[in-house]
**Q** 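Pasting a structure below so you can have a look.
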Amino acid sequence: MTNVTGAVGRSPVVRVSADVTAARGDRVFNAARDVADSIPVVRTGPTGILALEPLVLATEGERTTFFASPRPSTVRDLVEDFESEGLPTDDADAVVEHDPEVASLPVPSDGPLSVGERRTLGPCGWVDPLDPTEHTLVSTERDVGSVADVGLLGRGRGDAAADEPIGETWERARGTDGEPVVVVNANESDDRPRADRTLLAGSPLSVLDGVAAVAEYVDAEDVVLYLNETDTELQKHVRRAVEAAEDELPVVPQIVAGPDEYRAGAPTAALEALEGADRIEPRVQPPTPAEHGLYGRPTVVHTPRTFAHVRHALRNPETFDADDADPGTRLVTVTGDVDAAATVELGSGGSLSDVGDAVVMDGSFKMACVGGVFGGITSELDVPPTAQSLDAANLGTDGVVELLSDERCAVATVGERARFASTANSGRCVPGREGTKQLTELLREIYQGAFRTDDIRELGRVMRKTSNCRIGAHAPRPVTTAMDEFEPEFRAHADGRCPSSTCEEKL
Ligand code: SF4
C-alpha cells in the first residue's frame, strides 16, 4: 500500500479524481491504493465532469492516460499492470502528452474535458486539494489592488457584487469606518449550480488564496467561510484544507454552516444567518454589505468563484483584458435532462452553445433555462457567456445552463419555478411575497382556460422593479421568457390541451 500526498511533478503516479462525497471515488481509490506497491496513489478532487467520475489518471513522465468510471477490479488490474509493464494505455479513454511539471489538468483533445478553457478549474482533479505545496500561494506577495483595475465582476447569486465591479466594493469597504470582514458565501441549496462546490472540493487552497488576498487588501482580520449545514463532507474537506494551509495563509477563515434554504444563499440573508437570526431574510439595501455588513461592520461578500478568479487574475494578469466589459471566464454548470451534470469554463469569446459537448442529453433539445432556477427560458444558446450578453438576452448569470428535452412542457416547467418562488421567498417584501403567489395563481388559471398575458407581464415588470432582492426580481423571468418563445403552448393549455402530453391530469 502506498499512500502519499502530492501529485504535481510526481512520476509515476496514479490519481483518482472524484467529488468529496463520492463513495465510488473512495472505493476506486482504496482499490488502487491496496494493490499499489511502488507507485503512489493520490486522491484528487472533482474535475467538474460528473459523468467521468471517478476518473483515474495514470501518469508517467510526459504522458497521462485517462480511464473514466472504472470498476474497482479494473483499477486493481490497471495499477498492477502499471507497476509491472509501465504506463497502461489499453482501453484508455484518452492519452495526453504534457509538461511533466504541469500544475493543471492536461486536457484531452476531445470529450467533455476539452469544452471551453480550464483556468480556475485547471487544478481541479489534478492537484492534491489538501497539499499547500501543490498551490503557489500568492496572497502574501502580490497586491490585489491591481485586480481592481482589471474590472473583474462578481460571480453568482451569492455574491454581493454579482455582475458588478468587485474593486468598487473593496474600495467602499476600505472607505467605511469599522473593522472589515470578508465572507465567502458558498451556501447553495439548489443542486443546479456546482461551480463553487467543484472549486472548494477540487482546489480549496486556490479559493483560500484569493480570499486571503482580498482580506489583506481591505485590511480584514476576520474571514468567514459560509457553507450548507447538511453538507458535512464538504465542511470537513474545507476544514482540512484550512488546517493544512494555516501556517502559510495571512488570514485563516472560520467555517460556519448555515441553513439549507434557497434564500439563505442570498448575500445579505447570509449575513443574517451568520448573525444567528431566527428568520432568514435578505436585508433592504442600501446600505450595502460593504457599508453595513456583518454586525454592522464593512463586509465584502463574494462566492468561491469570484475569489478563484481573483487569484487567477493575480497569477496570470496577462489573461485578463481590462477593455472587456466582463473580463475573464465564466464557470457554467450544464445540467437538466442530461446523463450527468458538468461544470465547464467558458471564455468571454465563447458561446453557451458549446456546453452541449460536455454532456449527453436524454432526448432531443427543446429549450434551456439559463441562469439557475429563476433563469431565462430560451431555445437559442448562441449567446456569449458574459454578464452583459446574458442580460441583453433576458437570461440569468448564475452560471447554470439547464438543458430540457422535448418531453418537457414549457407551462409546467415555469409553473414549478413560480410555485418554488412562492415558498422559497422570505416574505419580507410585498412584491416578493404577494407577487410570487399571484404569479403562481395566474399560471394555474391558464389550466382553467384564462391566459392573462398582459397581467402576467405587468406583474413581472412590477416584481422586477420593486422586489427587495434578486429572488423576487428574478422569479417571473422563467415565465415571461417562456411566454416570449412558447406562447402557442400557453394558449394550447388555455384551450385544454398540453402539446407535450405532460399536463393531462390538470386539464
Ligand atoms: S424578494 Fe422575496 S426573498 Fe427577497 S426580500 Fe422580498 S420576499 Fe424576501
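Order of appearance sets the numbers: ligands from 1, and atoms from 1 within every ligand. This chain uses plain numbering: 1 for the first residue, then up along the sequence.
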**Q** Taking the side chain as everything from C-beta on, heavy atoms only, tell me whether D196 gets closer than 4.5 Å to P193.
**A**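 SC-SC contact between D196 and P193 ruled out.
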**Q** How close does the nearest protein non-hydrogen atom get to atom 2 (Fe) of ligand 1, and which residue and atom is it?
**A**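 It is N425 CB, 3.3 Å.
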**Q** Between P253 and V251, what is the shortest heavy-atom contact and its length?
**A**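 Closest approach of P253 to V251: CD-O, 3.7 Å.
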**Q** Ion pair present between D398 and R477, side-chain N to carboxylate O less than 4.0 angstrom?
**A**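 No, this pair does not count.
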**Q** Aromatic contact between Y447 and H493, with the criterion being ring centroids under 6.0 Å apart: yes or no?
**A**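 Distance test on ring centres: under 6.0 Å, yes.
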**Q** Suppose we only count N/O/S atoms under 2.8 Å; would C469 qualify as near atom 4 (Fe) of ligand 1?
**A**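 It does: C469 brings an N, O or S atom closer than 2.8 Å to atom 4 (Fe) of ligand 1.
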**Q** R433: heavy atom below 4.0 Å from ligand 1, yes or no?
**A**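 Judged by the 4.0 Å heavy-atom criterion, R433 does count as contacting ligand 1.
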**Q** Regarding atom 1 (S) of ligand 1: of the candidates G427, G472, G435, which has the closest heavy atom?
**A**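 Shortest heavy-atom distance from atom 1 (S) of ligand 1: G472.
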**Q** What's the shortest distance from atom 5 (S) of ligand 1 to any protein heavy atom, and which residue and atom give it?
**A**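 Going atom by atom, the protein heavy atom closest to atom 5 (S) of ligand 1 ends up being N468 ND2, 3.3 Å.
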**Q** Look at atom 8 (Fe) of ligand 1 and say which protein heavy atom is nearest, naming residue and atom and giving the distance to 0.1 Å.
**A**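 Looking only at protein heavy atoms, the one closest to atom 8 (Fe) of ligand 1 is S426 OG, 2.1 Å.
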**Q** For F374, is the NZ or CZ atom of R470 found under 6.0 angstrom from the centre of its six-membered ring and inside 45 degrees of the ring axis?
**A**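 No.
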**Q** Checking a contact table here: which protein heavy atom is nearest atom 6 (Fe) of ligand 1, and how many Å away?
**A**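 Answer for atom 6 (Fe) of ligand 1: C429 SG, 2.3 Å.
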**Q** Does the pair R194/D19 count as a salt bridge with the N-to-O cut at 4.0 Å?
**A**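 A salt bridge links R194 with D19.
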